[in-house]
Amino acid sequence: MPTAAHATVAPFTNSARLPLRPPTQDSIGDPYYPQLGNGGYDVQHYALELAVDVEHNVITSTATIAARATADLRAFNLDLLGLSVDRVAVNAAPVSVQRTEHELTITPMAALHAGQPFTTTVAYHGTPEPFVSEAAPISVGWTQYDGGIYVASEPEGASTWYPVNDHPLDKATYSMRVTVPKPYVVAANGLLQQTIDNGATTTYVWATAHPLASYLVTVDIARYKVETATGPNGLPIRNYFPAEIADQAHAVFAPTADMIAYFSSVFGPYPFEAYGVAVIDKNLGFAMETQTMSVFGRDAATQPPNQAEDVVAHELAHQWFGDSVSLDTWQDIWLNESFATYAAWLWSEHELGPGSADHIARRTYMQLAQMNLPPTGDPPPTDLFNTGVYERGALVLHALRLTIGDEAFFRTLRTYAARFRDGNASTPDFVAVAEQVSGQNLDAFFDNWLYGAKLPPLPPS
Ligand code: ARG
Ligand code: ZN
């Protein structure tokens, strides 16, 4: 809550930041990707039941979606790409169904009224088809590879494998019952509740205690070797490694518990019930902060451990920034990536001593000063994960730290993580916390650093 002294201060606004649009039946209102998400309802829980033919990459599924109408609804939409829909019901009653390329439109027999809880069941089957994201030249969604299946969806791949309100604004809890032929093993989000031996197949039951954004849902199927450890305060750590590279992966992820302890001391308590990683036995060229179960490729997991620390720290730090506190609109992606990038600099400062983050910042500044980057707060919608977001964004945080001092800076991070935990936040929300904690008006600072074309001068250390 803002203090009385700050309640009268106008919220940070900058015309370069596009606000959410009013939601419509087929859009939650994200100005960058208006096709994502849908208006009129709010999902609480997805129960996904999947039988997976891993060799042929065919899924036979039922999604049971518990939601609440936020408006009077004659019809509503879910996002779904490809696949064959076999049966849809709302509150166990038949409905009429229409499909376009990525919308499933459901018209119940009787209209839903605002505030009404309702349950949608969708039975479907087929082969999910990953596609090249609009946000970056990278494939997203449910993906088969030689060795199994993985899911990495940022920002819009979730609808390749289940019907979903596909936007981080509508977070929900999940339970997933995934049946696979032996000897495949399934890693997913949350805690493994049950492993059921059906003879030729095994059913893995996973459930999350905390809500998650759809792009952070993962299902990873391979002949995994599972390694368990305990983090700070008894936090379960479970890592899913391909047997052939398990020793190398073990060494790469060995610092995880120490990193969780350090990040908890600077960001506040680890936000979820577990952590760990699923390693995909394929060079991915990226890693992904899927909630409680980050995904890494063979390329990341077989690096020399000291070189891998950056990306290991980065995906872990996203659990606070991006996962627990999720963005309101995709334009605010710096709230995820700049924070995770800066967290890796902080880890290096923790390991190598004071001045290390400042050293990295000044070296990065010299490199970026030669480049023509999009401003951190205004990334091109077709190049969301660019250097202006990651490295220039980390510099924004370092410049903020130098401007308001260590005490106010780290209290800002902790206050922001606590205030928006399990929820969503926007750039103005972060600016408001920094202004409240520091007692300074930072509008000009953030205007220049987030939206200015030119890199502002880095304050002296
Ligand atoms: N969020 C990832 C990271 O931590 C990057 C995701 C890249 N984009 C994608 N569509 N896979 O850097
Ligand atoms: Zn990241």
Side-chain angles (χ1 to χ4, degrees), residues 138 140 142-143 148-155 157-158 168 174 176 185-192 206 208 210 212-222 224-229 231-232 235-242 245-246 248-264 267 270-303 305 307-326 336-337 339-341 343-344 347 385 390:
I138 201 165
V140 293
W142 174 287
T143 306
I149 282 157
Y150 71 90
V151 174
S153 298
E154 190 177 18
Y174 283 73
M176 295 186 261
V185 175
V186 179
N189 310 90
L191 290 175
L192 180 62
W206 287 84
T208 68
H210 296 264
L212 59 162
S214 49
Y215 79 92
L216 296 170
V217 180
T218 195
V219 171
D220 304 295
I221 305 171
Y224 280 124
K225 182 173 170 193
V226 186
E227 171 192 279
T228 59
L235 184 79
I237 298 175
R238 64 278 181 278
N239 292 325
Y240 286 72
F241 294 150
I245 55 170
Q248 284 161 285
H250 171 83
V252 160
F253 295 100
T256 299
D258 288 344
M259 288 179 177
I260 293 171
Y262 168 65
F263 286 148
S264 303
F267 304 150
Y270 179 77
F272 303 124
E273 63 273 44
Y275 188 63
V277 303
V279 173
I280 314 308
D281 199 5
K282 178 189 168 183
N283 296 335
L284 294 183
F286 67 89
M288 186 63 216
E289 65 271 24
T290 31
Q291 191 160 310
T292 73
M293 183 69 80
S294 293
V295 165
F296 291 78
R298 183 168 54 201
D299 42 357
T302 60
Q303 291 177 85
Q307 283 175 34
E309 278 191 37
D310 249 34
V311 68
V312 171
H314 180 110
E315 306 312 333
L316 172 61
H318 270 308
Q319 304 300 310
W320 284 261
F321 302 112
D323 293 11
S324 177
V325 181
S326 302
N336 295 8
E337 298 305 343
F339 286 57
T341 302
W347 171 251
F385 303 98
Y390 282 71

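Everything numeric in this text was worked out from a predicted model, so none of it was measured.
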Exercise for review: Assess whether side chain to side chain donor-acceptor pair (under 3.5 Å) is satisfied between Glu337 and His318, documenting all intermediate values.
Suggested key: CA-CA 8 Å; Glu337 298 305 343; His318 270 308; 3.0 Å; yes

Do [X] side-chain atoms and [Y] backbone N/O form a donor-acceptor pair below 3.5 Å?
| X | Y | result |
| --- | --- | --- |
| Glu289 | Glu315 | no |
| Gln248 | Ile245 | no |
| Thr218 | Thr290 | no |
| Trp206 | Val186 | yes |
| Asp299 | Gly285 | yes |
| Arg238 | Tyr275 | yes |
| Thr208 | His210 | yes |

Point to revise | By salt bridge (charged side-chain N to carboxylate O under 4.0 Å, His left out) - contacts of Arg298 (at least two apart) | key: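 Here the qualifying residues are Asp281.
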
Review point. Is the centre of the Tyr270 ring less than 6.0 Å from the centre of the Trp320 ring?
Key: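 Yes - the distance between ring centres of Tyr270 and Trp320 falls below the 6.0 Å cut-off.
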
Practice item. Determine, using ring centers only, whether Phe385 and Phe286 are less than 6.0 Å apart. Key: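 Here the rings of Phe385 and Phe286 have centres that are no less than 6.0 Å from each other.
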
Exercise for review: Please lay out, stage by stage, how Val277 and Tyr240 fare under the test side-chain contact (heavy atoms from CB on, under 4.5 Å).
Suggested key: CA-CA 6 Å; Val277 303; Tyr240 286 72; over 6 Å; no

Practice item. Would you check, one step at a time, whether the test side-chain contact (heavy atoms from CB on, under 4.5 Å) holds for Ile260 with Leu316? Key: CA-CA 8 Å; Ile260 293 171; Leu316 172 61; 3.7 Å; yes

**Study point:** Option from Leu284, Val151, Val279 for which side-chain contact (heavy atoms from CB on, under 4.5 Å) with Val295 holds
**Key:** Leu284

Please tabulate, one pair per line, all N/O donor-acceptor pairs under 3.5 Å involving side-chain atoms of residues 250-258, not counting sequence neighbours.
residue, atom, partner, partner atom, Å
His250, ND1, Glu227, OE1, 2.6
Thr256, OG1, Phe253, O, 2.7

Exercise for review: Take Met288 and Leu216 through the test side-chain contact (heavy atoms from CB on, under 4.5 Å) and record every step on the way to the result.
Suggested key: CA-CA 8 Å; Met288 186 63 216; Leu216 296 170; 3.9 Å; yes

Review point. His314 vs Tyr390 aromatic rings, parallel, tilted or perpendicular, using cut-offs 30° and 60°?
Key: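 Judged by the thresholds at 30° and 60°, the geometry between His314 and Tyr390 is parallel.
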
Practice item. Kindly determine whether Tyr150 and Lys282 satisfy side-chain contact (heavy atoms from CB on, under 4.5 Å), including the steps that lead there. Key: CA-CA 10 Å; Tyr150 71 90; Lys282 178 189 168 183; 4.1 Å; yes

